[in-house]
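Accompanying notes for the structure given below.
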Amino acid sequence: QRCCICRLRGASVTCQRRRCPRSFHFPCGSERGCVSQFFGEFKSFCWKHRPVQRVRAVQRDQTPCLICQEVVARRPCYDTLVCPTCASAWFHRCCIQGQALRSALHHFRCPLCQDVDAFQEEMFRLGIKIPDR
């Protein structure tokens, strides 16, 4: 298979959306905004078919990431995620991924509202890898 991003052979990840022909290397997909889910059937999606957040979050002026304190995008997108429970906690994807890797499954929660279940479920769905330990 050829990677639809770099055009080199050896692409082993395929978009799970029905009738989507895109295949890519895992690193190429990560750079391009593809999402791989690390639970259940371990599905992967290209940048056009990746899951998106359905949270209606209102942002005041320039909201900072709760982890790095740098400004996030004005609305939820691939690089900016929001807690589905409180809708007040905004994160950069790379920041919340780092938090997930450090916290692991038993301690990973929204830093603001402390929700565990809905927060973890949404982060899993959006492709955040949360290790078991």
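The two residues Arg102 and Cys95 come nearest to each other via the heavy atoms NH2-O, 4.4 Å. Closest heavy-atom contact between Gly33 and Arg50: O-NH1, 2.6 Å. Shortest non-hydrogen contact noted between Phe26 and Ser36 is CE1-OG, 3.5 Å. Across every non-hydrogen atom of Lys43 and Gln16, the tightest pair is CB-CG, 3.7 Å. Taking every heavy atom of both residues into account, Cys83 and Cys110 meet most closely at SG-SG, 3.6 Å.
Between Asp132 and His106 the shortest side-chain heavy-atom distance falls below 4.5 Å. Annotation: side chain of Cys46 is not in contact with side chain of Cys4 (no heavy-atom distance under 4.5 Å). You'll find the side chain of Val72 reaches within 4.5 Å of the side chain of His92, heavy atoms only. Side-chain contact between Leu81 and Gln53: present, with at least one pair of heavy atoms (C-beta onward) separated by less than 4.5 Å.
Here the straight-line distance linking atom CZ of Phe45 with atom SG of Cys15 works out to 6.5 Å at 0.5 Å rounding. With rounding to the nearest 0.5 angstrom, the CZ atom of Arg32 is 12.5 Å from the SG atom of Cys6. How far CH2 of Trp90 is from CG of Leu66: 11.5 Å, rounded to the nearest 0.5 Å. Ile128 contributes atom CD1, which lies 9.0 Å from atom SG of Cys94 (distance to the nearest 0.5 angstrom). Atom SG of Cys68 is separated from atom CD of Gln99 by 11.5 Å, given to the nearest 0.5 angstrom. Rounded to the nearest 0.5 Å, atoms CE (Met123) and CD1 (Ile130) are 8.0 Å apart.
Linking ILVMFWY residues whenever their side-chain heavy atoms come closer than 4.5 Å, directly or via other members, leaves Ile67 and Val82 in distinct clusters. When the side chains of ILVMFWY residues are joined at heavy-atom separations under 4.5 Å, either directly or via intervening members, Val13 and Ile5 end up in a single hydrophobic cluster. Residues Val55 and Ile96 do not share a hydrophobic cluster, defined by chaining ILVMFWY side chains whose heavy atoms lie under 4.5 Å apart. By the rule that hydrophobic residues join a cluster once side-chain heavy atoms approach within less than 4.5 Å of another member, Val35 and Phe124 end up as members of separate clusters.
Not counting sequence neighbours, the partners of Arg125 by the salt bridge (charged side-chain N to carboxylate O under 4.0 Å, His left out) test are Glu122.
Taking the six-membered ring where the residue is Trp, Phe119 and Phe91 present perpendicular rings, their angle passing 60° and hence far from 30°.
Side-chain atoms of His107 never come within 3.5 Å of backbone atoms of Ala100 as a donor-acceptor pair (strictly under, hydrogens ignored). Side-chain atoms of Ser88 come within 3.5 Å of backbone atoms of Cys86 as a donor-acceptor pair (strictly under, hydrogens ignored). Listed for the His49 side chain is no donor-acceptor partner under 3.5 Å among the backbone atoms of Ser44. Judged purely by atom type and a 3.5 angstrom limit, Arg22 has no side-chain atom pairing as donor or acceptor with the backbone of Trp47. The closest donor-acceptor contact from the side chain of Arg2 to the backbone of Arg7 lies under 3.5 Å. Side-chain atoms of Gln1 never come within 3.5 Å of backbone atoms of Phe24 as a donor-acceptor pair (strictly under, hydrogens ignored).
Counting heavy atoms of neighbouring residues, nucleotides and ligands inside a 6.0 Å radius, atom CD of Glu121 does not exceed 12 of them. Counting non-hydrogen atoms of other residues, nucleotides and ligands closer than 6.0 Å to CD of Gln62 gives a total of 12 or fewer. Counting non-hydrogen atoms of neighbouring residues, nucleotides and ligands closer than 6.0 angstrom, the CZ atom of Arg109 exceeds 12 such neighbours.
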